[in-house]
Amino acid sequence: MPFNAEAARRVQERLAKLVVFAPIPKAETVAGLDVAYSGDVAYGAAVVVKMPALEVVDVACSVSKAVVPYVPTYLAFRELSPMLRAYFKLRVKPDIILVDGHGVAHPRRFGIASHIGVVLKKPTIGVAKSRLYGVEEGGCVLDPSTGEVLAQVVKCGGKKYVSVGSYATLEDAVRIVETLCKKGDVYPLRAAHEITQKIKKAALPHDEDRYPCS
DNA sequence: GCGACAG
DNA sequence: ATCTTGTCGC
Ligand SMILES: [Mg+2]
């Protein structure tokens, strides 16, 4: 069954109503989620870091078949599954989740970080390397039609576009990302990205072809 | 119709 | 995202 953009758009429009803007209650542990590819194989990784020392307290990964292509504004339909498969394997669940991609700085206010936040009912923050939607102005990304602030630009290495996924406020999101910025990278995301590259080069077998714990 | 376009 | 190593410069 091929990817159906119209159906996917309807899903985003429906779920976008469930995005919640609220202060993050607890921020002792933060996870980073990312995915890498080799052909049609997706390698997902989740790394949990403890604040404020930034010690890695748990790591998990997933290997699966990428079935959905990358289509701008529909990234979640391609990467949410690999990310969550890794996330569910974590023994230590984080207070907050950082996702490599946008949150509400999306044409339908429902980027992958928002999608994951709504699905897990847990605070998520979107951290993207480039702009997808909105007009950049004075360190902020504004909705071209309403003028609302959708994201804030944080300098960490290069520009990082920080937006609320769900269950967070932009102020909290920015403060947390700034705290996690180390050596030009948002630490949890850098850690997840490295795991992702590492298991890809190791050519780990698909999850289904692996025995428990092997 | 044209240009933009997370990863 | 991925294709790709060493090399030039501060
Ligand atoms: Mg990524």
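Here is the naming used below: chain letters follow the sequence lines, and residue numbers restart at 1 for every chain. Being a predicted model, the structure only gives us computed values, none of them experimental.
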- Would A/E13 and A/R9 satisfy salt bridge (Lys or Arg N to Asp or Glu O under 4.0 Å), going step by step from the backbone distance to the final call? CA-CA 6 Å; A/E13 296 175 334; A/R9 175 178 49 69; 3.2 Å; yes

- Determine whether the side chains of A/S114 and A/R109 contain a donor N or O and an acceptor N or O closer than 3.5 Å. no

- Query: Hey, what's the ring geometry for A/Y74 with A/F3, parallel, tilted or perpendicular (30° and 60° as the breaks)?
  - Reply: perpendicular

- Below 4.0 Å: OP1/OP2 of C/dT2 and any side-chain N or O of A/Q197: yes

- Gap between atoms NZ and C1', on A/K201 and C/dT4 respectively (whole Å): 11 Å

- Round to the nearest Å and state the distance from A/Y133 atom OH to B/dC5 atom C1'. 13 Å

- For A/E136 and B/dC5, give me the distance from atom CD to atom P, rounded to whole Å. 11 Å

- Query: In whole Å, what is the span from the NE2 atom of A/H102 to the C1' atom of B/dA4?
  - Reply: 12 Å

- Message: Side-chain N or O of A/S130 versus OP1/OP2 of B/dG7: is the shortest distance under 4.0 Å?
- Response: yes

- Query: Is A/Y70 stacked on the base of B/dG7 when the test is centres under 5.5 angstrom and planes under 30 degrees?
  - Reply: yes

- Which is true for A/A36 with a 4.0 Å heavy-atom rule: it touches a base, it touches only sugar-phosphate, or it touches nothing? sugar-phosphate

- Message: If you only use heavy atoms from C-beta on, which nucleotide in B/dG7, C/dA1, B/dA6 is closest to the side chain of A/R78?
- Response: B/dG7

- Tell me: CG of A/D100 to C1' of B/dA6, nearest whole Å? 8 Å

- Message: Without decimals, in angstroms, what is the distance between A/M83 CE and B/dG7 P?
- Response: 10 Å

- Run the salt-bridge test on A/E208 and A/R85 with the 4.0 Å N-O cut-off and return the result as yes or no. yes

- Message: From CZ of A/F77 over to P of B/dA6, roughly how many Å is that when rounded to an integer?
- Response: 17 Å

- Query: Aromatic rings A/H115 and A/F77: how do their planes relate, parallel, tilted or perpendicular, breaks at 30° and 60°?
  - Reply: perpendicular

- Side-chain N or O of A/K200 closer than 4.0 Å to phosphate OP1/OP2 of C/dA1: no

- For A/I116 and B/dA6, what is the distance between atoms CD1 and P respectively, to the nearest whole Å? 17 Å

- Message: Classify A/T73 by what it touches in the nucleic acid, base, sugar-phosphate, or nothing, heavy-atom distance under 4.0 Å.
- Response: base

- Message: Less than 4.0 angstrom between a side-chain N/O of A/R131 and OP1 or OP2 of B/dC5, yes or no?
- Response: yes

